[in-house]
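Worksheet for the structure shown next.
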Amino acid sequence: MGHWLRSDSSGRQIRSAVTGETLGVLGGVPDVAAMRDYAKSHGGPALRALNFHDRARMLKALALHLKAHRKALYDLSFLTGATLADSQIDIDGGIGTLLVYASKGRREMPEGFVLPDGELEVLSRDGSFLGQHVLTPRQGISLQINAFNFPVWGMLEKLAPSLLAGVPSLVKPASDTGYLTQAVVRLIADSGILPDGALQLIMGATGDLLDCLDAQDTVGFTGSAATAMALRSRPSLLQNAVRFTSEQDSLNGSVLGPDIEPGSAEFDLFITEVHREMTTKAGQKCTAIRRIMVPEAHLQAVTAALSERLAATKIGHPAQKETQMGALVSQAQREDVRGKLQLLAGECDVVFGDAQHCVVSGADAKEGAFMSPVLLNCPDPDAAKTVHEIEAFGPVSTVMAYRDVPHAISLLNKGGGSLVASVITHDPQVARQVVLGAGAFHGRLYFNDRVSQAESTGHGAPLPHMVHGGPGRAGGSEELGGLRGVKHFMQRSAIQGSPDMLSA
Ligand code: NAP
(Lines give C-alpha, C1' and ligand atoms only; values in the text may rest on other atoms or scores of the structure.)
Protein backbone atom coordinates (compact mmCIF):
# COMPACT_ATOMS: atom_id res chain seq x y z
CA MET A 1 0.00 0.00 0.00
CA GLY A 2 2.88 2.32 -0.85
CA HIS A 3 4.97 1.85 2.30
CA TRP A 4 7.05 -0.77 4.13
CA LEU A 5 6.00 -2.36 7.41
CA ARG A 6 8.53 -3.59 9.95
CA SER A 7 8.32 -7.24 10.98
CA ASP A 8 7.23 -8.22 14.46
CA SER A 9 10.50 -8.93 16.32
CA SER A 10 9.15 -12.00 18.13
CA GLY A 11 8.71 -14.01 14.93
CA ARG A 12 10.63 -16.74 13.13
CA GLN A 13 14.41 -16.39 12.76
CA ILE A 14 15.70 -16.54 9.21
CA ARG A 15 19.22 -17.91 8.96
CA SER A 16 22.06 -17.96 6.46
CA ALA A 17 22.27 -21.31 4.65
CA VAL A 18 26.07 -21.04 4.72
CA THR A 19 26.90 -20.09 8.32
CA GLY A 20 23.63 -20.58 10.19
CA GLU A 21 23.78 -17.00 11.53
CA THR A 22 20.49 -15.14 12.01
CA LEU A 23 19.81 -12.69 9.19
CA GLY A 24 16.51 -11.35 10.42
CA VAL A 25 13.18 -12.12 11.99
CA LEU A 26 9.83 -12.61 10.28
CA GLY A 27 6.65 -12.14 12.23
CA GLY A 28 3.25 -10.51 12.22
CA VAL A 29 0.59 -10.41 9.55
CA PRO A 30 -0.23 -7.22 7.64
CA ASP A 31 -3.80 -6.18 6.89
CA VAL A 32 -4.06 -8.47 3.88
CA ALA A 33 -7.66 -7.60 3.03
CA ALA A 34 -6.69 -3.92 2.80
CA MET A 35 -3.73 -4.85 0.60
CA ARG A 36 -6.03 -6.71 -1.77
CA ASP A 37 -8.43 -3.74 -1.87
CA TYR A 38 -5.52 -1.41 -2.59
CA ALA A 39 -4.35 -3.59 -5.50
CA LYS A 40 -7.90 -3.64 -6.89
CA SER A 41 -8.55 0.07 -6.43
CA HIS A 42 -5.11 1.41 -7.47
CA GLY A 43 -2.97 -1.19 -9.29
CA GLY A 44 -5.70 -2.80 -11.42
CA PRO A 45 -7.21 0.37 -12.90
CA ALA A 46 -3.73 1.87 -13.52
CA LEU A 47 -2.54 -1.23 -15.36
CA ARG A 48 -5.75 -1.55 -17.38
CA ALA A 49 -5.37 2.07 -18.52
CA LEU A 50 -2.19 1.00 -20.35
CA ASN A 51 -2.37 -1.01 -23.57
CA PHE A 52 -0.46 -4.26 -24.16
CA HIS A 53 2.48 -2.49 -25.79
CA ASP A 54 2.75 0.03 -22.91
CA ARG A 55 2.83 -2.86 -20.45
CA ALA A 56 5.40 -4.69 -22.57
CA ARG A 57 7.64 -1.59 -22.55
CA MET A 58 7.23 -1.45 -18.77
CA LEU A 59 8.46 -5.05 -18.47
CA LYS A 60 11.49 -4.23 -20.58
CA ALA A 61 12.31 -1.18 -18.44
CA LEU A 62 11.97 -3.33 -15.33
CA ALA A 63 14.32 -5.96 -16.75
CA LEU A 64 16.97 -3.40 -17.64
CA HIS A 65 16.70 -1.78 -14.21
CA LEU A 66 17.17 -5.10 -12.40
CA LYS A 67 20.02 -6.05 -14.74
CA ALA A 68 21.89 -2.92 -13.67
CA HIS A 69 21.65 -4.04 -10.01
CA ARG A 70 22.50 -7.71 -10.46
CA LYS A 71 25.76 -7.61 -8.48
CA ALA A 72 24.02 -6.67 -5.20
CA LEU A 73 21.49 -9.44 -5.75
CA TYR A 74 24.22 -12.06 -6.37
CA ASP A 75 25.87 -11.06 -3.09
CA LEU A 76 22.65 -11.57 -1.17
CA SER A 77 21.93 -14.79 -3.03
CA PHE A 78 25.12 -16.42 -1.65
CA LEU A 79 23.43 -16.41 1.77
CA THR A 80 20.75 -18.76 0.40
CA GLY A 81 23.47 -21.33 -0.39
CA ALA A 82 23.47 -20.56 -4.13
CA THR A 83 26.71 -20.35 -6.12
CA LEU A 84 27.14 -17.64 -8.75
CA ALA A 85 26.04 -20.10 -11.46
CA ASP A 86 22.94 -20.98 -9.39
CA SER A 87 22.19 -17.27 -8.88
CA GLN A 88 22.49 -16.61 -12.58
CA ILE A 89 19.77 -19.18 -13.23
CA ASP A 90 17.59 -17.48 -10.62
CA ILE A 91 18.36 -13.79 -11.18
CA ASP A 92 19.38 -13.60 -14.84
CA GLY A 93 16.79 -16.27 -15.65
CA GLY A 94 14.11 -14.09 -14.05
CA ILE A 95 15.28 -10.99 -15.91
CA GLY A 96 15.35 -13.00 -19.15
CA THR A 97 11.75 -14.06 -18.57
CA LEU A 98 10.72 -10.40 -18.26
CA LEU A 99 12.50 -9.65 -21.54
CA VAL A 100 10.89 -12.54 -23.41
CA TYR A 101 7.42 -11.43 -22.28
CA ALA A 102 8.25 -7.82 -23.15
CA SER A 103 9.16 -8.92 -26.65
CA LYS A 104 6.13 -11.20 -27.02
CA GLY A 105 3.86 -8.37 -25.86
CA ARG A 106 5.16 -6.10 -28.61
CA ARG A 107 5.29 -8.72 -31.37
CA GLU A 108 2.37 -11.02 -30.66
CA MET A 109 -0.20 -8.74 -29.00
CA PRO A 110 -2.08 -5.78 -30.45
CA GLU A 111 -1.46 -2.18 -29.41
CA GLY A 112 -4.83 -2.23 -27.69
CA PHE A 113 -6.76 -3.38 -24.65
CA VAL A 114 -8.48 -6.53 -25.87
CA LEU A 115 -6.77 -9.69 -27.05
CA PRO A 116 -8.62 -11.46 -29.89
CA ASP A 117 -8.48 -15.25 -29.65
CA GLY A 118 -9.08 -17.34 -32.77
CA GLU A 119 -10.89 -16.56 -35.98
CA LEU A 120 -14.05 -14.55 -36.55
CA GLU A 121 -17.04 -16.94 -36.61
CA VAL A 122 -19.90 -16.23 -39.03
CA LEU A 123 -23.11 -17.04 -37.12
CA SER A 124 -25.69 -15.88 -39.69
CA ARG A 125 -26.39 -16.56 -43.36
CA ASP A 126 -26.08 -12.91 -44.45
CA GLY A 127 -23.10 -12.05 -42.23
CA SER A 128 -25.03 -9.59 -40.06
CA PHE A 129 -24.40 -11.55 -36.87
CA LEU A 130 -20.85 -12.62 -36.01
CA GLY A 131 -18.89 -14.07 -33.12
CA GLN A 132 -15.37 -13.55 -31.86
CA HIS A 133 -13.58 -14.74 -28.74
CA VAL A 134 -11.65 -12.03 -26.89
CA LEU A 135 -9.73 -11.85 -23.64
CA THR A 136 -9.89 -8.98 -21.15
CA PRO A 137 -7.91 -8.62 -17.91
CA ARG A 138 -9.50 -10.12 -14.80
CA GLN A 139 -10.39 -7.37 -12.35
CA GLY A 140 -8.95 -8.98 -9.23
CA ILE A 141 -5.46 -9.74 -7.99
CA SER A 142 -2.83 -12.30 -8.83
CA LEU A 143 -1.74 -13.88 -5.54
CA GLN A 144 1.61 -15.57 -6.00
CA ILE A 145 2.83 -18.01 -3.36
CA ASN A 146 6.34 -19.12 -4.18
CA ALA A 147 8.82 -21.84 -3.19
CA PHE A 148 12.17 -21.16 -1.52
CA ASN A 149 14.44 -22.43 -4.26
CA PHE A 150 14.08 -19.64 -6.84
CA PRO A 151 13.34 -16.44 -4.91
CA VAL A 152 13.82 -14.20 -7.97
CA TRP A 153 12.86 -16.25 -11.01
CA GLY A 154 9.92 -17.71 -9.06
CA MET A 155 8.48 -14.23 -8.63
CA LEU A 156 9.36 -12.76 -12.04
CA GLU A 157 8.05 -15.72 -14.05
CA LYS A 158 4.59 -15.12 -12.58
CA LEU A 159 4.84 -11.34 -12.43
CA ALA A 160 5.73 -10.91 -16.14
CA PRO A 161 2.62 -12.56 -17.63
CA SER A 162 0.39 -11.11 -14.92
CA LEU A 163 1.56 -7.52 -15.55
CA LEU A 164 1.32 -7.99 -19.30
CA ALA A 165 -2.26 -9.17 -18.84
CA GLY A 166 -2.99 -6.03 -16.76
CA VAL A 167 -3.49 -7.66 -13.36
CA PRO A 168 -1.83 -6.43 -10.10
CA SER A 169 0.15 -8.89 -7.97
CA LEU A 170 0.51 -9.73 -4.31
CA VAL A 171 3.68 -11.77 -3.93
CA LYS A 172 4.31 -14.06 -0.98
CA PRO A 173 7.80 -15.57 -1.16
CA ALA A 174 8.90 -18.56 0.94
CA SER A 175 10.15 -17.39 4.34
CA ASP A 176 13.64 -18.98 4.14
CA THR A 177 14.82 -16.98 1.11
CA GLY A 178 12.21 -14.19 0.97
CA TYR A 179 14.86 -11.58 1.81
CA LEU A 180 16.22 -11.92 -1.73
CA THR A 181 12.74 -11.48 -3.21
CA GLN A 182 12.32 -8.47 -0.93
CA ALA A 183 15.52 -6.91 -2.30
CA VAL A 184 14.14 -7.24 -5.83
CA VAL A 185 10.77 -5.75 -4.84
CA ARG A 186 12.59 -2.86 -3.18
CA LEU A 187 14.53 -2.22 -6.40
CA ILE A 188 11.30 -2.33 -8.40
CA ALA A 189 9.49 -0.02 -5.95
CA ASP A 190 12.39 2.47 -5.95
CA SER A 191 12.52 2.51 -9.76
CA GLY A 192 8.99 3.95 -9.99
CA ILE A 193 8.46 1.94 -13.20
CA LEU A 194 5.29 0.19 -12.05
CA PRO A 195 2.06 2.04 -11.25
CA ASP A 196 1.14 2.33 -7.59
CA GLY A 197 -0.50 -0.87 -6.32
CA ALA A 198 0.67 -3.04 -9.22
CA LEU A 199 3.01 -5.03 -6.97
CA GLN A 200 2.86 -5.66 -3.22
CA LEU A 201 4.88 -8.02 -1.05
CA ILE A 202 3.85 -10.12 1.93
CA MET A 203 6.67 -11.69 3.95
CA GLY A 204 5.75 -14.58 6.24
CA ALA A 205 2.16 -15.49 6.98
CA THR A 206 -0.75 -14.47 4.74
CA GLY A 207 -3.44 -14.48 7.46
CA ASP A 208 -6.91 -14.99 6.01
CA LEU A 209 -6.03 -13.63 2.56
CA LEU A 210 -7.07 -16.82 0.76
CA ASP A 211 -10.53 -16.51 2.27
CA CYS A 212 -10.91 -12.94 0.95
CA LEU A 213 -10.49 -13.99 -2.70
CA ASP A 214 -13.25 -14.18 -5.29
CA ALA A 215 -13.72 -15.31 -8.87
CA GLN A 216 -11.77 -12.35 -10.34
CA ASP A 217 -8.63 -13.35 -8.40
CA THR A 218 -6.07 -15.99 -9.28
CA VAL A 219 -3.72 -17.93 -7.04
CA GLY A 220 -0.44 -19.15 -8.49
CA PHE A 221 1.15 -21.59 -6.08
CA THR A 222 4.62 -23.15 -6.29
CA GLY A 223 5.77 -25.55 -3.62
CA SER A 224 5.23 -29.01 -2.25
CA ALA A 225 2.28 -31.26 -3.09
CA ALA A 226 1.23 -31.32 0.57
CA THR A 227 0.96 -27.51 0.89
CA ALA A 228 -0.77 -27.32 -2.51
CA MET A 229 -3.37 -29.81 -1.36
CA ALA A 230 -4.02 -27.92 1.89
CA LEU A 231 -4.38 -24.58 0.10
CA ARG A 232 -6.30 -25.51 -3.03
CA SER A 233 -8.93 -27.49 -1.13
CA ARG A 234 -10.01 -24.55 1.07
CA PRO A 235 -13.81 -24.32 0.91
CA SER A 236 -13.80 -20.56 0.20
CA LEU A 237 -11.60 -21.03 -2.88
CA LEU A 238 -13.79 -23.85 -4.16
CA GLN A 239 -17.00 -21.97 -3.37
CA ASN A 240 -15.84 -18.83 -5.21
CA ALA A 241 -14.32 -20.76 -8.15
CA VAL A 242 -10.98 -19.00 -7.65
CA ARG A 243 -8.58 -19.94 -10.43
CA PHE A 244 -5.77 -21.85 -8.73
CA THR A 245 -2.64 -23.11 -10.46
CA SER A 246 -0.23 -25.40 -8.75
CA GLU A 247 3.37 -26.06 -9.65
CA GLN A 248 4.54 -28.74 -7.30
CA ASP A 249 7.08 -31.44 -6.78
CA SER A 250 7.71 -33.93 -9.51
CA LEU A 251 9.75 -37.11 -9.97
CA ASN A 252 11.34 -36.12 -13.29
CA GLY A 253 13.12 -38.83 -15.26
CA SER A 254 15.90 -38.97 -17.79
CA VAL A 255 16.49 -41.87 -20.19
CA LEU A 256 19.73 -42.91 -21.86
CA GLY A 257 18.53 -44.07 -25.29
CA PRO A 258 18.92 -47.75 -26.24
CA ASP A 259 21.04 -46.65 -29.21
CA ILE A 260 23.73 -44.98 -27.05
CA GLU A 261 27.04 -46.71 -26.26
CA PRO A 262 29.57 -45.72 -23.59
CA GLY A 263 32.29 -43.56 -25.12
CA SER A 264 29.91 -41.82 -27.54
CA ALA A 265 29.13 -38.08 -27.58
CA GLU A 266 25.61 -38.81 -26.31
CA PHE A 267 26.86 -40.91 -23.40
CA ASP A 268 29.01 -38.02 -22.15
CA LEU A 269 26.12 -35.62 -22.72
CA PHE A 270 23.85 -37.83 -20.60
CA ILE A 271 26.36 -37.91 -17.73
CA THR A 272 26.81 -34.12 -17.98
CA GLU A 273 23.07 -33.44 -17.90
CA VAL A 274 22.40 -35.78 -14.96
CA HIS A 275 25.36 -34.45 -12.98
CA ARG A 276 24.25 -30.86 -13.60
CA GLU A 277 20.71 -31.61 -12.44
CA MET A 278 21.96 -33.31 -9.26
CA THR A 279 24.33 -30.51 -8.25
CA THR A 280 22.86 -27.21 -9.52
CA LYS A 281 21.12 -25.44 -6.60
CA ALA A 282 22.31 -28.49 -4.59
CA GLY A 283 19.55 -30.46 -6.32
CA GLN A 284 16.79 -28.12 -5.06
CA LYS A 285 15.14 -27.72 -8.44
CA CYS A 286 11.60 -28.73 -9.24
CA THR A 287 12.82 -29.94 -12.64
CA ALA A 288 15.86 -31.86 -11.32
CA ILE A 289 16.37 -35.42 -12.53
CA ARG A 290 15.27 -37.73 -9.70
CA ARG A 291 15.13 -40.99 -11.70
CA ILE A 292 17.84 -42.06 -14.14
CA MET A 293 16.84 -44.81 -16.59
CA VAL A 294 19.55 -46.69 -18.48
CA PRO A 295 19.69 -49.81 -20.65
CA GLU A 296 20.51 -52.91 -18.53
CA ALA A 297 23.81 -53.39 -20.39
CA HIS A 298 25.05 -49.91 -19.40
CA LEU A 299 24.02 -49.75 -15.76
CA GLN A 300 27.58 -50.29 -14.52
CA ALA A 301 29.11 -47.82 -16.98
CA VAL A 302 26.63 -45.08 -16.09
CA THR A 303 26.99 -45.65 -12.35
CA ALA A 304 30.79 -45.52 -12.60
CA ALA A 305 30.87 -42.40 -14.80
CA LEU A 306 28.38 -40.51 -12.62
CA SER A 307 30.13 -41.51 -9.40
CA GLU A 308 33.43 -40.27 -10.82
CA ARG A 309 31.87 -36.89 -11.73
CA LEU A 310 30.16 -36.56 -8.35
CA ALA A 311 33.40 -37.41 -6.49
CA ALA A 312 35.17 -34.60 -8.34
CA THR A 313 32.47 -32.02 -7.52
CA LYS A 314 33.80 -29.26 -5.26
CA ILE A 315 31.40 -28.46 -2.42
CA GLY A 316 32.05 -25.24 -0.58
CA HIS A 317 31.21 -21.68 0.32
CA PRO A 318 29.00 -20.50 -2.55
CA ALA A 319 30.98 -17.27 -2.99
CA GLN A 320 34.24 -19.15 -3.73
CA LYS A 321 35.00 -19.26 -7.45
CA GLU A 322 35.98 -22.94 -7.48
CA THR A 323 32.81 -24.09 -5.68
CA GLN A 324 30.56 -26.19 -7.91
CA MET A 325 27.89 -27.01 -5.34
CA GLY A 326 26.81 -24.77 -2.47
CA ALA A 327 24.57 -25.46 0.51
CA LEU A 328 20.96 -26.51 0.86
CA VAL A 329 18.66 -23.72 1.95
CA SER A 330 18.59 -24.62 5.65
CA GLN A 331 19.50 -27.28 8.16
CA ALA A 332 15.81 -28.20 8.34
CA GLN A 333 15.83 -28.84 4.58
CA ARG A 334 18.94 -31.03 4.95
CA GLU A 335 17.18 -33.04 7.67
CA ASP A 336 14.16 -33.38 5.40
CA VAL A 337 16.34 -34.79 2.60
CA ARG A 338 18.07 -37.19 5.00
CA GLY A 339 14.66 -38.40 6.19
CA LYS A 340 13.49 -38.96 2.60
CA LEU A 341 16.70 -40.90 1.90
CA GLN A 342 15.89 -43.24 4.76
CA LEU A 343 12.51 -43.94 3.21
CA LEU A 344 14.10 -44.58 -0.19
CA ALA A 345 16.72 -46.86 1.39
CA GLY A 346 14.08 -49.59 1.85
CA GLU A 347 14.05 -50.19 -1.91
CA CYS A 348 17.36 -48.68 -3.08
CA ASP A 349 21.09 -49.06 -2.37
CA VAL A 350 23.49 -46.16 -1.99
CA VAL A 351 26.11 -46.35 -4.74
CA PHE A 352 27.72 -42.95 -4.14
CA GLY A 353 27.86 -40.41 -1.30
CA ASP A 354 27.13 -40.22 2.41
CA ALA A 355 24.27 -37.97 3.50
CA GLN A 356 25.83 -37.51 6.95
CA HIS A 357 29.33 -36.43 5.88
CA CYS A 358 30.91 -34.23 3.26
CA VAL A 359 34.11 -32.30 2.68
CA VAL A 360 33.40 -28.58 2.46
CA SER A 361 35.82 -25.87 1.41
CA GLY A 362 35.66 -22.41 2.97
CA ALA A 363 32.72 -23.06 5.31
CA ASP A 364 31.69 -25.23 8.24
CA ALA A 365 29.93 -28.42 7.11
CA LYS A 366 27.81 -28.52 10.27
CA GLU A 367 26.86 -24.86 10.71
CA GLY A 368 26.05 -24.52 7.02
CA ALA A 369 23.46 -26.78 5.37
CA PHE A 370 26.01 -28.66 3.24
CA MET A 371 25.45 -32.17 2.04
CA SER A 372 27.18 -34.65 -0.26
CA PRO A 373 25.37 -35.68 -3.43
CA VAL A 374 23.89 -39.15 -3.06
CA LEU A 375 23.37 -41.58 -5.93
CA LEU A 376 21.08 -44.54 -5.34
CA ASN A 377 20.43 -47.70 -7.34
CA CYS A 378 16.98 -49.24 -7.50
CA PRO A 379 17.35 -52.94 -8.42
CA ASP A 380 13.64 -53.61 -9.04
CA PRO A 381 12.02 -50.42 -10.35
CA ASP A 382 8.82 -52.26 -11.37
CA ALA A 383 8.07 -53.43 -7.84
CA ALA A 384 9.49 -50.38 -6.04
CA LYS A 385 7.08 -47.66 -4.96
CA THR A 386 9.07 -45.06 -3.03
CA VAL A 387 11.41 -44.20 -5.90
CA HIS A 388 8.42 -43.16 -8.02
CA GLU A 389 6.66 -41.34 -5.17
CA ILE A 390 9.12 -39.67 -2.81
CA GLU A 391 10.90 -36.48 -3.73
CA ALA A 392 14.15 -35.93 -1.79
CA PHE A 393 14.51 -32.21 -2.59
CA GLY A 394 18.30 -32.10 -2.60
CA PRO A 395 21.30 -33.60 -4.48
CA VAL A 396 19.72 -37.05 -4.68
CA SER A 397 18.93 -39.21 -7.69
CA THR A 398 18.33 -42.90 -8.39
CA VAL A 399 19.61 -44.97 -11.27
CA MET A 400 17.56 -47.92 -12.56
CA ALA A 401 17.82 -50.32 -15.51
CA TYR A 402 15.25 -50.76 -18.27
CA ARG A 403 14.82 -53.58 -20.82
CA ASP A 404 13.46 -51.78 -23.88
CA VAL A 405 11.79 -48.49 -24.87
CA PRO A 406 8.25 -49.50 -23.77
CA HIS A 407 9.72 -50.43 -20.37
CA ALA A 408 11.53 -47.06 -20.10
CA ILE A 409 8.25 -45.31 -20.98
CA SER A 410 6.37 -47.25 -18.32
CA LEU A 411 8.99 -46.27 -15.70
CA LEU A 412 8.86 -42.60 -16.76
CA ASN A 413 5.08 -42.61 -16.42
CA LYS A 414 5.17 -44.28 -12.99
CA GLY A 415 6.03 -40.84 -11.54
CA GLY A 416 2.33 -40.01 -11.94
CA GLY A 417 2.91 -36.84 -13.97
CA SER A 418 6.05 -34.74 -14.16
CA LEU A 419 7.32 -31.34 -15.24
CA VAL A 420 9.90 -32.72 -17.65
CA ALA A 421 11.23 -36.01 -18.99
CA SER A 422 14.38 -36.15 -21.08
CA VAL A 423 15.83 -38.69 -23.48
CA ILE A 424 19.37 -38.63 -24.77
CA THR A 425 19.17 -40.44 -28.09
CA HIS A 426 20.37 -40.05 -31.66
CA ASP A 427 17.46 -42.10 -33.02
CA PRO A 428 14.34 -40.11 -34.04
CA GLN A 429 12.26 -43.30 -33.86
CA VAL A 430 13.01 -43.55 -30.13
CA ALA A 431 11.84 -39.94 -29.74
CA ARG A 432 8.65 -40.77 -31.65
CA GLN A 433 7.90 -43.78 -29.41
CA VAL A 434 8.49 -41.71 -26.26
CA VAL A 435 6.24 -38.84 -27.40
CA LEU A 436 3.42 -41.23 -28.21
CA GLY A 437 3.83 -43.28 -25.03
CA ALA A 438 4.80 -40.62 -22.47
CA GLY A 439 3.60 -37.26 -23.81
CA ALA A 440 0.38 -37.36 -21.79
CA PHE A 441 2.32 -37.73 -18.53
CA HIS A 442 4.84 -34.91 -18.84
CA GLY A 443 4.64 -31.14 -19.30
CA ARG A 444 7.80 -31.06 -21.39
CA LEU A 445 9.74 -33.70 -23.34
CA TYR A 446 13.38 -32.85 -23.98
CA PHE A 447 15.45 -34.75 -26.55
CA ASN A 448 19.14 -34.09 -26.98
CA ASP A 449 21.96 -35.51 -29.06
CA ARG A 450 25.23 -34.58 -30.77
CA VAL A 451 23.33 -32.32 -33.22
CA SER A 452 21.58 -30.08 -30.68
CA GLN A 453 23.86 -30.35 -27.63
CA ALA A 454 25.85 -27.15 -28.20
CA GLU A 455 22.74 -24.95 -28.41
CA SER A 456 20.36 -26.94 -26.18
CA THR A 457 19.04 -25.24 -23.05
CA GLY A 458 19.29 -28.15 -20.59
CA HIS A 459 16.87 -30.69 -19.14
CA GLY A 460 16.09 -28.54 -16.12
CA ALA A 461 15.60 -25.10 -17.65
CA PRO A 462 12.00 -23.88 -17.94
CA LEU A 463 11.66 -21.38 -20.79
CA PRO A 464 9.06 -18.61 -21.01
CA HIS A 465 8.24 -19.69 -24.58
CA MET A 466 7.43 -23.26 -23.59
CA VAL A 467 5.06 -24.97 -21.16
CA HIS A 468 6.23 -25.11 -17.56
CA GLY A 469 3.99 -27.33 -15.48
CA GLY A 470 2.79 -30.87 -15.75
CA PRO A 471 -0.14 -33.19 -15.14
CA GLY A 472 -1.04 -35.11 -11.98
CA ARG A 473 1.72 -35.20 -9.40
CA ALA A 474 3.32 -32.07 -10.95
CA GLY A 475 0.21 -30.05 -10.04
CA GLY A 476 -1.98 -30.32 -13.15
CA SER A 477 -1.30 -26.73 -14.21
CA GLU A 478 0.59 -24.77 -16.81
CA GLU A 479 2.66 -21.63 -16.32
CA LEU A 480 4.62 -19.81 -18.99
CA GLY A 481 4.26 -21.29 -22.48
CA GLY A 482 4.14 -18.01 -24.39
CA LEU A 483 0.89 -16.07 -24.54
CA ARG A 484 -1.00 -18.88 -22.82
CA GLY A 485 0.74 -17.74 -19.65
CA VAL A 486 -0.71 -14.24 -20.16
CA LYS A 487 -4.19 -15.46 -21.06
CA HIS A 488 -4.32 -17.29 -17.75
CA PHE A 489 -4.78 -13.90 -16.03
CA MET A 490 -7.56 -12.85 -18.41
CA GLN A 491 -11.15 -13.86 -19.00
CA ARG A 492 -12.06 -15.35 -22.37
CA SER A 493 -15.48 -14.21 -23.51
CA ALA A 494 -17.47 -14.91 -26.65
CA ILE A 495 -18.54 -11.58 -28.16
CA GLN A 496 -21.56 -11.83 -30.47
CA GLY A 497 -23.15 -9.06 -32.52
CA SER A 498 -23.19 -7.16 -35.80
CA PRO A 499 -19.94 -6.42 -37.70
CA ASP A 500 -19.99 -2.84 -36.29
CA MET A 501 -20.27 -4.07 -32.70
CA LEU A 502 -17.42 -6.50 -33.16
CA SER A 503 -15.09 -4.09 -34.89
CA ALA A 504 -15.59 -1.54 -32.09
P1 NAP B 1 6.29 -25.42 0.63
O2 NAP B 1 6.75 -25.71 2.01
O3 NAP B 1 5.13 -26.18 0.12
O4 NAP B 1 6.01 -23.84 0.62
C5 NAP B 1 5.64 -23.21 -0.58
C6 NAP B 1 5.07 -21.84 -0.26
O7 NAP B 1 3.82 -21.99 0.39
C8 NAP B 1 5.94 -21.00 0.68
O9 NAP B 1 5.91 -19.65 0.27
C10 NAP B 1 5.24 -21.18 2.02
O11 NAP B 1 5.50 -20.11 2.90
C12 NAP B 1 3.80 -21.14 1.55
N13 NAP B 1 2.84 -21.62 2.51
C14 NAP B 1 2.91 -22.70 3.32
N15 NAP B 1 1.78 -22.81 4.04
C16 NAP B 1 0.98 -21.77 3.70
C17 NAP B 1 -0.30 -21.31 4.13
N18 NAP B 1 -1.01 -21.96 5.03
N19 NAP B 1 -0.80 -20.19 3.57
C20 NAP B 1 -0.11 -19.50 2.63
N21 NAP B 1 1.11 -19.89 2.19
C22 NAP B 1 1.66 -21.01 2.72
O23 NAP B 1 7.44 -25.62 -0.44
P24 NAP B 1 8.96 -25.15 -0.35
O25 NAP B 1 9.62 -26.00 0.70
O26 NAP B 1 9.08 -23.67 -0.27
O27 NAP B 1 9.50 -25.55 -1.80
C28 NAP B 1 9.96 -26.83 -2.12
C29 NAP B 1 8.97 -27.58 -2.96
O30 NAP B 1 8.54 -26.79 -4.06
C31 NAP B 1 9.55 -28.83 -3.57
O32 NAP B 1 8.67 -29.90 -3.33
C33 NAP B 1 9.62 -28.53 -5.06
O34 NAP B 1 9.50 -29.64 -5.90
C35 NAP B 1 8.53 -27.56 -5.27
N36 NAP B 1 8.79 -26.66 -6.40
C37 NAP B 1 8.04 -26.78 -7.54
C38 NAP B 1 8.27 -25.93 -8.61
C39 NAP B 1 7.47 -26.01 -9.88
O40 NAP B 1 7.54 -25.08 -10.69
N41 NAP B 1 6.73 -27.05 -10.10
C42 NAP B 1 9.26 -24.96 -8.52
C43 NAP B 1 10.00 -24.87 -7.36
C44 NAP B 1 9.75 -25.73 -6.29
P45 NAP B 1 6.54 -20.26 4.11
O46 NAP B 1 7.88 -20.45 3.50
O47 NAP B 1 6.40 -18.95 4.81
O48 NAP B 1 6.11 -21.42 4.90
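From a predicted model like this one, the values you see are computed outputs, not experimental measurements. As a basis for the values below, the full set of heavy atoms in this structure was taken, side chains included, without hydrogen atoms, waters or symmetry mates. One-based numbering, in listed order, for ligands and for the atoms of each. Quick note: residue numbers are just sequence positions, from 1.
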Checking the N or O distance criterion of under 3.5 Å, is ligand 1 in contact with [X]?
X    : value
F148 : yes
R234 : no
S224 : yes
S175 : yes
Q248 : yes
T222 : no

* Under a 4.0 Å heavy-atom limit, does E391 contact ligand 1 with its side chain, its backbone, both, or neither? -> side chain
* What part of L231, side chain, backbone, both or neither, has a heavy atom within less than 4.0 angstrom of ligand 1? -> side chain
Taking only heavy atoms of [X] into account, list the atoms of ligand 1 that are under 4.0 Å away from them.
X    : answer
P173 : 9 (O)
F221 : 3 (O), 5 (C), 6 (C), 7 (O)
N149 : 43 (C), 44 (C)
T206 : 19 (N), 20 (C)
T227 : 1 (P), 2 (O), 3 (O), 7 (O), 13 (N), 14 (C), 15 (N)
D249 : 32 (O), 34 (O)
I145 : 6 (C), 7 (O), 9 (O), 12 (C), 21 (N)

Indicate whether the side chain of [X] and that of [Y] have a donor and an acceptor atom separated by less than 3.5 Å.
X    : Y    : value
S410 : N413 : no
T313 : T279 : no
N252 : T287 : no
S254 : S422 : yes
D37  : S41  : no
K340 : T386 : no
T19  : E367 : no
Y74  : D92  : yes
R291 : H388 : yes

* Min heavy-atom dist H468 to ligand 1 below 4.0 Å -> yes
* **Residue-ligand contact F150/ligand 1, heavy atom below 4.0 Å** => no
* To do: Look at the side chain of S142 and the backbone N and O of V167, then say whether any donor-acceptor pair between them is shorter than 3.5 Å.
  => no
* Asked: Would you say the side-chain atoms of T323 pair up with the backbone N or O of H317, donor to acceptor, closer than 3.5 Å?
  -> yes
* To which of R12, Q144, E247 does the heavy atom nearest atom 48 (O) of ligand 1 belong? -> R12
* Structure fact -> atom 35 (C) of ligand 1: of C286, A147, G223, G207, the nearest heavy atom sits on G223
* Asked: Taking the inter-plane angle between the rings of F150 and W153 on a 0 to 90° scale, is it parallel (under 30°), tilted (30 to 60°) or perpendicular (over 60°)?
  -> perpendicular
Name the closest protein heavy atom to [atom], giving the residue it belongs to and the distance to 0.1 Å.
atom                    : value
atom 8 (C) of ligand 1  : N146 O, 3.2 Å
atom 11 (O) of ligand 1 : K172 NZ, 3.1 Å
atom 33 (C) of ligand 1 : F393 CE1, 3.3 Å

* **Of V423, L445, I409, the residue whose pairing with V435 passes side-chain contact (heavy atoms from CB on, under 4.5 Å)** => L445
